Number of protein chains: 2
Amino acid sequence: MALEHALLVSLSEQPASGLELNRRFERSIGRFWQATHQQIYRVLTRMEAAGLVASHTVEQHGTANKKVYRVTPAGTTFLSTWLAEPAEPEPIRSDLAVKMRGASFGDIERVLDVIERAAEEHRQRLENFRAMCARNYPDPSALSGLELDQYLVLRGGILGEESYVAGLREYLTAHGRETP
Amino acid sequence: MALEHALLVSLSEQPASGLELNRRFERSIGRFWQATHQQIYRVLTRMEAAGLVASHTVEQHGTANKKVYRVTPAGTTFLSTWLAEPAEPEPIRSDLAVKMRGASFGDIERVLDVIERAAEEHRQRLENFRAMCARNYPDPSALSGLELDQYLVLRGGILGEESYVAGLREYLTAHGRETP
DNA sequence: CACGGCATGTAACAAGTTACATGATTGG
DNA sequence: CCAATCATGTAACTTGTTACATGCCGTG
């Protein structure tokens, strides 16, 4: 499980409540780790029981109270240990690749429609990433530490999306579909 | 669940037993879908109960008998329907990205070692893919149908690995590590 | 006071992993 | 006979998803 570690990284950057973490995951962190709020709550509860994080309730004038979590020293140690462990290769699971490979067992034109639509979605996501990159990191050479790492992970996301889109275009072109 | 669909694609190409499917997944199909033999057996059992595949036992002179599965007409319809359904964006989960982003909360040099090692593994996987591509598809322009799709999915894997390695190198370079 | 947004959660399920069990046959 | 390989499976566990429940508060 690495949702634990992703939460520790995010909370190390800045303490937050469950829903705030969920929003962060939807926005920036979601590029490399996705999670629903239910799972975030469950894991936070478990981590608090294990002493990796601690919470305190914050009264809010406008709306409901929230439980803000921060990383404990034990949590920092735990994260630091995990960071130095070798990462085993991540399992690959791509619905789209299964569909491409199985296309001849279905209606090829409809599969191509599916691929085309996916390519369009990923092109938009790529534009999104590029815009974020240009907006948040106008001068990458000036970055260091935490910000540099955030920038580089975003760069990795951009490279990944570029190759993903390129692969889908190659598929569509080989099957005689024009790509914009 | 899409292991079901991956199995149907593989069995449509060629009937097979559970362990044979497992070997195929380790070799070629494993590029886009990974599964353990336990899970394959479980899913095959469920699919047979649902009428998507049928099995018959094959006596083998040398060793234990095996159960060979083939796709039923109901299975073909099921697969064809799924192929035409839009694919929702796949959840992204990358341990390595979490480590890169969290590097400043641990020992940066040891994190760089981890990244370097991962980069080396992926470089090897990339070489592997390229060799398979050159060996199995010496003349891509002559391909069509099933073989063309197999080639294109492999191409997608190559593009993905190339960008993955490029991202890791960018990270290492930005942190002052020489990359070979 | 009903509604929508914020905030936290429970319950049931689906999917995937890890560890172990079983039996048959071939080669040393 | 013992170890290795092929082949199929069970059980317990972890992880992630889906659907729903609850309460607070300010606005119209």
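Please read all numbers here as calculations on a predicted model, not as lab measurements. Residue numbers start from 1 in every chain, and the chains themselves are labelled A, B, ... in the order their sequence lines are given, proteins ahead of strands.
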Between the protein and nucleotides 18-23 of chain D, which nitrogen or oxygen pairs are less than 3.5 angstrom apart?
from	atom 1	to	atom 2	distance (Å)
dA19(D)	N6	Q38(A)	NE2	3.1

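Under the rule for a salt bridge (Lys or Arg N to Asp or Glu O under 4.0 Å), D107(A) has no partner lying at least two apart in sequence or in another chain. Looking at residues two or more places apart in sequence or on another chain, you find a side-chain hydrogen bond (donor to acceptor under 3.5 Å, both in side chains) between E127(A) and R130(A).
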Show me the side-chain donor-acceptor pairs of residues 132-145 of chain B shorter than 3.5 Å, one per line, residues at least two apart or across chains.
from	atom 1	to	atom 2	distance (Å)
N136(B)	ND2	M132(B)	O	3.3
D139(B)	OD1	S141(B)	OG	2.8

In a table with atom names and distances, give each donor-acceptor pair under 3.5 Å that connects a side chain of residues 73-83 of chain A to protein atoms at least two apart or in another chain.
from	atom 1	to	atom 2	distance (Å)
T76(A)	OG1	T72(A)	O	3.3
T77(A)	OG1	P73(A)	O	3.1
T81(A)	OG1	T77(A)	O	2.9

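Considering only side-chain N and O atoms, R23(A) lies nowhere under 4.0 angstrom from the phosphate OP1 or OP2 of dC6(C).
For the pair I40(B) CD1 and dG16(C) P, the interatomic distance rounds to 11 Å; values are reported in whole Å. In this structure, CG of L44(A) is placed 9 Å from P of dG9(C), rounded to the nearest angstrom. Atom NE2 in H5(A) sits about 10 Å away from atom P in dT15(D), given to the nearest Å. In this entry the distance linking NZ of K66(B) with P of dT22(C) reads 25 Å, nearest Å. Distance, H56(B) NE2 to dA7(D) P: 14 Å, rounded to whole Å. The nearest whole Å value for the distance from the CG atom in N22(B) to the P atom in dT18(C) is 14 Å. Atoms OH (Y41(A)) and C1' (dT17(D)) sit 17 Å apart, rounded to a whole Å. In this structure, L21(B) places its CG atom 16 Å from P of dC6(D), rounding to the nearest Å.
Side-chain atoms of L21(B) and V43(B), non-hydrogen and from C-beta on, never get closer than 4.5 Å to each other.
Closest approach to the W33(A) side chain among dG16(D), dC6(D), dT15(D) is made by dG16(D) (side chain taken as heavy atoms from C-beta onward). Among dG16(C), dA7(C), dT8(D), the nucleotide with an atom closest to any side-chain atom of L3(B) is dG16(C).
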Going through the checks in order, is the side-chain contact (heavy atoms from CB on, under 4.5 Å) test met by L96(A) and L168(A)? CA-CA 9 Å; L96(A) 222 48; L168(A) 299 184; 3.9 Å; yes
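Heavy atoms of T45(B) sit nowhere under 4.0 angstrom from any nucleic acid atom.
Of the two residues contacting DNA chain D, namely G18(B) and R46(A), the nearest-nucleotide position lying further toward the 5' end is that of G18(B).
Cluster partners of V165(B): none. The rule joins Ile, Leu, Val, Met, Phe, Trp and Tyr whenever side-chain heavy atoms lie under 4.5 Å apart, and it links nothing here.
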